[in-house]
Protein chains: 2
Amino acid sequence: MKTQLSQRQADAIRYIRNWLMHKGKTPSVRELMTALGYKSPRSAALIIEKLIQKGILRKRSNGDLQLIKDIDADSVHARTVDIPLVGMVTCGVPILAQENIEGYIPVSVSLAKPGFKYFLLRAKGDSMNKAGINDGDLILVRQQSTAQNGDIVVALIDDEATVKEFQHRKNCVVLMPRSNNKSHKPIILTENFQVQGVAVTTIPKLEV
Amino acid sequence: MKTQLSQRQADAIRYIRNWLMHKGKTPSVRELMTALGYKSPRSAALIIEKLIQKGILRKRSNGDLQLIKDIDADSVHARTVDIPLVGMVTCGVPILAQENIEGYIPVSVSLAKPGFKYFLLRAKGDSMNKAGINDGDLILVRQQSTAQNGDIVVALIDDEATVKEFQHRKNCVVLMPRSNNKSHKPIILTENFQVQGVAVTTIPKLEV
DNA sequence: TACAAAGTGTATCATAGTGTATAAAAAAAG
DNA sequence: CTTTTTTTATACACTATGATACACTTTGTA
């Protein structure tokens, strides 16, 4: 399988993959156009035609595009998707709102699997250091509103992104710290609260 | 192999090699024409045909030219080895596959030591300028699949040869940019990915 | 409901650059 | 001089790109 791709075509595939990951659909011709630096929709349409011809894209009956044989994450050819890095959480706003996103970091698709939404969160404090999460680490979080007992979850408590261990009790939810610092206390919540996501991996602090 | 070359043919090879090293492609027929002082594209095309006939150039299936061997390599006193120059990376194929090699460039054996495999790669962008690697520089890479923390490695990320600093963390691998441009982000990968090689030297871009 | 605005994919035509081919002109060799 | 080789001047087909237009769908609003 030796598919000769031009630079533009490779850029297009990566752009489409990211768009799929974050918005759940493929970009329009004009969005691809501006993203690739073209000035005519025709040029982007031609790129798409070429990719369809090469069997990488497919056009469904309803006109939508589908990315076919892209996701083969072998160890030699690493593929990545851009995951938003959430910095400070702004009050009263969804955690993934534009104003909370500091930037996008490429993450291997073997960590951030297409089909789910992820974000990266910078850990603060030492409330989870027994779980290997220390101040400044990056936490890769899969966005979902449900959790199992023992999961490390991200929750919005008092307009702050909190990382704790999830424990569902008889009629309430407890968020447990995992720290050797005794000053951190469990947080007790009612059952009808929502988690923002579940931690998948942590990346030790990157000194930049 | 004593290939007798006319002056014009030798000039053409030098010109083509410079284009390969600095622009990453072979010149068009008309550019060769003006460079050699011809006034008709036919003349330059004839030169190319002759060089193909002598086995110095090769025409690929897609029409691009490839520099098979370099004239300097014929000179006995020059203690050089021909190192493949890798251009666009074809997806799903080893980085040193024939279709990725634009040509061969003579490099001193004091840099490319016999016993290892090397290739040359053209740096793109400014993501490593703090490490002294700037856009357009040629990077001499020793081919190997292991790396130490802090090594400047070449990896295949999203069908592109990426040059970054290698950092192995607890449960993942991070490729760090070394730039004073903040827009470059680290790339987060899993442990089961392979490095293509380690940068040995960089050859700064020269003006043509 | 009706209508306007914006966004969608697609098509048309023009332009510039590409490699290549043809035949005439010029130069070199006999 | 004639013959052969090299160089020139064009022409042709092909590709990539750009500017623009057209019909269609969605969406918000009156």
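- Taken from OG1 in T80(A) to CZ in R17(A), the straight-line distance is 6.0 Å, to the nearest 0.5 Å.
- Judged by atom type and distance alone, S40(A) reaches the base of dA19(D) through a side-chain donor-acceptor pair under 3.5 Å.
- Under the 30°/60° scheme for interplanar angles, the aromatic rings of H168(B) and F166(B) are found to be tilted.
- Below 30°, between 30° and 60°, or above 60°: for F116(B) and Y118(B) the angle between ring planes is above 60°, a perpendicular geometry.
- A donor atom on one side chain and an acceptor atom on the other are not found under 3.5 Å apart for K117(B) and Q144(B).
- Checked against L138(B) for a side-chain contact (heavy atoms from CB on, under 4.5 Å), the options T202(B), L121(B), L85(B), I83(B) give a single hit: L85(B).
- Contacts of K50(B) with the nucleic acid, taken as non-hydrogen atoms under 4.0 Å apart, are absent.
- Note on E49(B): nothing from the nucleic acid sits closer than 4.0 angstrom, heavy atoms only.
- The interatomic distance linking D64(B) (CG) with dA16(D) (P) rounds to 12 Å, in whole Å.
- Of the candidates dT7(D), dA21(D), dT17(D), the closest approach to any side-chain atom of R30(A) belongs to dA21(D).
- With dT8(D), dA11(D), dA19(D) as the choices, the nucleotide that has an atom nearest any side-chain atom of R42(A) turns out to be dA19(D).
- Residue S28(B) is in sugar-phosphate contact alone, with no base atom involved, counting any heavy-atom pair closer than 4.0 Å across all strands shown.
- Between the CZ atom of R8(A) and the C1' atom of dA16(D) there is a distance of 10 Å, rounded to whole Å.
- Here dA9(D) presents its P atom at 14 Å from OH of Y38(B), a figure rounded to the nearest Å.
- If you take CD1 on I187(A) and NZ on K164(A), they are separated by 4.5 Å, rounding to the nearest 0.5 Å.
- Here chain A contacts DNA chain C (any atom closer than 4.0 Å to a heavy atom, that is under 4.0 Å), and the contacts span dT8(C) to dT12(C) from 5' to 3'.
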